[in-house]
Visitor: 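For reference, the structure I am asking about is given below.
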Amino acid sequence: MNKFRTFMANKKLVYSIIGGVAGIIVLFIVIFVAIRMIGKKITYSELENQLYFATEKYLKDNDIYYPTEENPETIISSEDLVNGKYIKELKKLVKDNCSAEIEILYKNGGYVIRPMLTCDKYQSELFYDRILNDNPVITNGNGLFDLNEMLVFRGDRVNNYVKFNNMLWRIVKMNPVDNTVYLVLDNVKEAPNDLWDNRYNTTEESRHGINDFDVSVISHTLKDIADTKFANAKSRMIPMDICVGKRSDTESNNDGSVECSYILEEPEFVTLMQINDYINASTDHRCNTVEDMACGNYNYLVNKNGKWWTLTADGTKGTKVYSVNYNGNIISDYADSKKFIRYMIAVDGNNIYQEGNGSSTSPYMMK
């Protein structure tokens with residue numbers, strides 16, 4: 001009996017010792033993690049984000065620095081934010097010697113904040129520049145071509161995916177003069193399926209619609225889409241010239257001069273793709289006119305999910321507009337038929353690059 005009691009006492013002692021050691025280990029772990037967290041450095045991208053949010057707080061307290069239409073640009077420095085205690089000293093946040101200049105720009109009724117970070121080992125990169133660095137201009141194959149004073153993506157295997165406004169897009173072309181990047185919706189099924197126009201055509205005595213874009217039903221639909229789906233994204237977008245020149249089925253000029261022979265007075269934020277942009281995306285040399293079946297070859301814009309409208313009307317038939325079908329063939333169809341309204345937009349390439357390599361699994365993103 002005494003042996004049993006002695007055994008139990010020793011067992012409790014052992015448990016007490018083990019519990020005490022475990023408690024000490026846990027305490028050391030907590031202290032170690034706390035020290036690591038206090039001294040933890042962040043990434044450059046996270047620092048750009050902190051500068052962005054710090055600037056938002058700074059503007060709320062110093063509203064005279066908000067940009068306006070009359071004074072569209074304000075610039076503050078990271079020192080302004082540090083001195084105002086909106087952010088810690090940058091050297092305490094990253095393992096580098098950094099400074100930042102923050103641009104605050106008035107854009108389309110709103111404003112955009114661009115923290116341009118300059119460090120010994122890193123510098124903030126513009127969205128346009130990152131795309132161009134990843135896609136050097138080529139003269140054959142799949143990729144980015146210098147074409148008609150634009151940089152144009154061509155071929156069927158190109159890394160030109162972009163995530164913007166919670167939707168996936170493809171880059172169609174880029175303007176090297178002002179860094180505008182033109183995007184078209186990747187999955188047509190994310191867009192409405194609707195008609196181009198259904199008004200009575202007095203010239204042709206037909207109820208199949210009028211193929212004049214400026215008075216069309218679809219032009220009003222696109223305005224509504226711009227004001228709803230893109231209401232909070234316009235500060236990072238660029239309003240576009242709307243080229244609505246009509247085109248015959250035998251026309252082989254694809255430099256845009258045919259489509260832009262008539263440009264609407266007011267630029268818009270959301271439009272459709274011109275037919276020459278679709279033709280130019282194919283690298284098949286047999287794709288030159290809307291009649292050429294080869295335009296669906298080697299063309300990343302082919303979309304198996306549905307038929308979609310273009311911006312360009314048939315110049316020989318007042319009730320018809322060009323669309324693209326499942327196989328990538330261009331069809332002249334009645335304006336009152338229903339197809340997907342595949343949006344096209346333009347974004348400001350001077351926004352700051354965030355992440356991505358342009359693939360479908362890692363699309364480009366801007367801050």
Side-chain angles (χ1 to χ4, degrees), residues 127-128 130-138 141-148 150-176 179-192 222 225 229-230 233 236-238 240 254 256 269-284 287 295-312 322-328 330 339-349 351 353-366:
F127 183 65
Y128 176 93
R130 182 52 182 256
I131 298 168
L132 194 56
N133 289 337
D134 287 349
N135 299 274
V137 175
I138 59 175
N142 297 307
L144 194 63
F145 288 70
D146 188 344
L147 186 68
N148 305 320
M150 287 280 186
L151 300 180
V152 179
F153 275 100
R154 307 182 70 201
D156 58 347
R157 298 182 183 275
V158 289
N159 286 330
N160 63 348
Y161 287 89
V162 172
K163 189 72 175 292
F164 179 75
N165 201 37
N166 296 319
M167 290 181 278
L168 192 62
W169 307 80
R170 306 299 292 271
I171 303 170
V172 178
K173 56 188 178 182
M174 306 194 301
N175 188 333
N179 291 5
T180 300
V181 180
Y182 295 85
L183 309 176
V184 69
L185 192 64
D186 179 51
N187 185 355
V188 298
K189 286 192 173 180
E190 291 187 20
L222 291 167
I225 289 169
K229 284 185 175 292
F230 297 91
R236 293 184 292 166
M237 295 169 63
I238 302 290
M240 299 165 287
N254 295 307
F269 283 100
V270 180
T271 186
L272 302 173
M273 180 181 292
Q274 296 169 200
I275 200 65
N276 67 298
D277 284 332
Y278 178 75
I279 291 173
N280 287 334
S282 171
T283 54
D284 195 313
C287 172
C295 288
N297 294 341
Y298 318 114
N299 191 332
Y300 70 92
L301 290 171
V302 174
N303 199 298
K304 299 293 185 181
N305 290 321
K307 303 174 183 178
W308 49 279
W309 286 118
T310 75
L311 184 63
T312 308
Y322 294 116
S323 63
V324 180
N325 70 10
Y326 299 94
N327 297 318
I330 301 169
K339 304 185 191 331
F340 288 105
I341 302 176
R342 192 179 188 182
Y343 320 135
M344 188 165 182
I345 63 173
V347 297
D348 190 347
N351 290 309
Y353 163 78
Q354 179 174 333
E355 62 183 21
N357 59 16
S359 66
S360 60
T361 55
S362 180
Y364 290 119
M365 296 179 67
M366 66 179 75

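In what follows, residues are counted from 1 in the order of the sequence shown. Here the structure is a predicted model, which means the values were calculated and not measured.
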Visitor: I'd like to check I345 versus F269 (side-chain heavy atoms, cut-off strictly below 4.5 Å). Are they in contact?
Guide: no
Visitor: Heavy atoms only: give me the nearest M240-A346 pair and the separation to one decimal.
Guide: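 Smallest interatomic distance, heavy atoms only, reads CG-CB, 3.6 Å.
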Visitor: If we only count heavy atoms from C-beta on, is the W169 to D186 side-chain gap below 4.5 Å?
Guide: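 W169 does not reach D186 side chain to side chain.
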Visitor: Applying side-chain contact (heavy atoms from CB on, under 4.5 Å) to V162 and V181, what does each step give before you reach the verdict?
Guide: CA-CA 10 Å; V162 172; V181 180; 5.7 Å; no
Visitor: So do P363 and F164 actually touch side chain to side chain, heavy atoms under 4.5 Å?
Guide: no
Visitor: Between M273 and M344, which heavy-atom pair has the shortest distance, and what is it?
Guide: CA-SD, 3.7 Å
Visitor: Determine, step by step, whether F230 and Y343 satisfy the side-chain contact (heavy atoms from CB on, under 4.5 Å) criterion, reporting the C-alpha distance in whole Å, the side-chain angles of both residues, the deciding distance to 0.1 Å, and the verdict.
Guide: CA-CA 11 Å; F230 297 91; Y343 320 135; 4.2 Å; yes
Visitor: If we ignore angles and hydrogens, is there a donor and acceptor under 3.5 Å between the side chains of S282 and D284?
Guide: no
Visitor: Any donor-acceptor pair under 3.5 Å linking the side chain of N148 with the backbone of M150?
Guide: no
Visitor: Atom CG of L222 and atom CG of L272: how far apart are they, to the nearest 0.5 Å?
Guide: 5.0 Å
Visitor: To the nearest 0.5 Å, tell me how far Y326 OH sits from N305 CG.
Guide: 9.0 Å
Visitor: Using a 4.5 Å cut-off on heavy atoms from C-beta on, say whether the side chain of I171 contacts that of L183.
Guide: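 They are in contact (side-chain heavy atoms under 4.5 Å apart), so the answer is yes.
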Visitor: Is it true that D348 and R236 make a salt bridge, defined as a side-chain N closer than 4.0 Å to a carboxylate O?
Guide: no
Visitor: Just checking, is any N or O donor in the side chain of N254 or N280 under 3.5 Å from an acceptor N or O on the other one?
Guide: no
Visitor: Looking at Y300, I'd like to know if the NZ or CZ of R157 sits under 6.0 Å from its six-membered ring centre while staying within 45 degrees of the ring's axis.
Guide: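 Not satisfied by the 6.0 Å and 45° rule.
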Visitor: So L151 and V137, do their side chains get closer than 4.5 Å, heavy atoms only?
Guide: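 Touching, per the 4.5 Å side-chain cut-off.
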Visitor: Could you pull out the closest heavy-atom pair between C295 and I279, with the gap in Å?
Guide: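 Smallest heavy-atom distance, with atoms named: SG-CG1, 4.3 Å.
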Visitor: Please tell me whether N327 and N325 have a donor and an acceptor in their side chains that are separated by less than 3.5 angstrom.
Guide: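 Short answer, no.
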Visitor: Backbone N or O of G328 within a donor-acceptor pair of the Y278 side chain at under 3.5 Å?
Guide: yes
Visitor: Using every non-hydrogen atom in the two residues, find where K339 and S323 come nearest and quote the distance to one decimal.
Guide: CE-OG, 3.2 Å
Visitor: Mind listing the closest non-hydrogen atom pair of Y128 and N175 along with its distance?
Guide: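 Y128 and N175 have their closest heavy atoms at CE1-O, 3.9 Å.
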Visitor: Contact between L144 and L132 at the side-chain level, heavy atoms closer than 4.5 Å - yes or no?
Guide: yes
Visitor: To the nearest 0.5 Å, what is the distance between CD (E190) and CZ (F340)?
Guide: 11.0 Å
Visitor: Looking at every non-hydrogen atom in both residues, tell me the closest pair between R342 and L301 and how far apart they are.
Guide: NH1-O, 2.9 Å
Visitor: Do the rings of F127 and Y364 sit parallel, tilted or perpendicular, given the 30° and 60° boundaries?
Guide: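 Perpendicular: the ring planes of F127 and Y364 meet at over 60°.
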Visitor: Quick one, M237 and N165 - any side-chain contact, counting heavy atoms below 4.5 Å?
Guide: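 No, their side chains stay 4.5 Å or more apart.
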Visitor: Could you walk me through whether N357 and N159 pass the side-chain contact (heavy atoms from CB on, under 4.5 Å) check?
Guide: CA-CA 7 Å; N357 59 16; N159 286 330; 5.7 Å; no
Visitor: Within a strict 4.5 Å, meaning less than it, do heavy atoms of the I131 and F153 side chains meet?
Guide: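 The answer is yes; the side chains approach within 4.5 Å.
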